[in-house]
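Comments concern the structure below.
Bear in mind the structure is a predicted one, so any value in this text is a computation, not a measurement.
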Amino acid sequence: MGERSMFLNLKPIKEGKVSFGGMDKGKVTGIAKISIPSLDFIDNVFYVEGLKYNLLSISQFCDNGYIVSFNKD
């Protein structure tokens, strides 16, 4: 299970691609809900086959009602 273990209710999907950094693309193979410590759940998170990093978009947090703040510390 490993990298998929943070996903709750992972549902397979047959098609989809996501672009990230340097115009690389990854194949989306599932969609799920995730839980992040100290936050609630975030729905409609894509599982991208072989991706080694978590890439959550700032707009996704804002769309879910969170306030995103950046500071030097």
If every non-hydrogen atom of Ser35 is compared with every non-hydrogen atom of Leu8, which pair is closest and at what distance?
CB-CD1, 4.1 Å
Between the CG atom in Asn44 and the NZ atom in Lys33, the distance rounded to the nearest 0.5 Å is 10.0 Å
Rounded at 0.5 Å granularity, tell me how far CG in Asn9 sits from CG in Asp43.
9.5 Å
Which atoms form the tightest heavy-atom contact between Ile13 and Val28, and what is the distance?
CD1-CG1, 3.3 Å
Excluding sequence neighbours, so at least two apart, what forms side-chain contact (heavy atoms from CB on, under 4.5 Å) with Ile58?
Cys62, Val68, Phe70
From CZ (Phe46) to OG1 (Thr29), nearest 0.5 Å
11.0 Å
My understanding is that only residues two or more places apart in sequence, or in another chain, count here; which of them pass side chain to side chain donor-acceptor pair (under 3.5 Å) with Ser59?
Ser57
Quick one: pull up OH in Tyr47 and CD1 in Ile31 and give me the separation to the nearest 0.5 Å.
14.5 Å
For a side chain to side chain contact (heavy atoms under 4.5 Å, CB included) check, start with the C-alpha distance between Glu49 and Leu51, then their side-chain angles and the critical distance, and finish with the verdict.
CA-CA 6 Å; Glu49 192 173 295; Leu51 190 63; over 6 Å; no
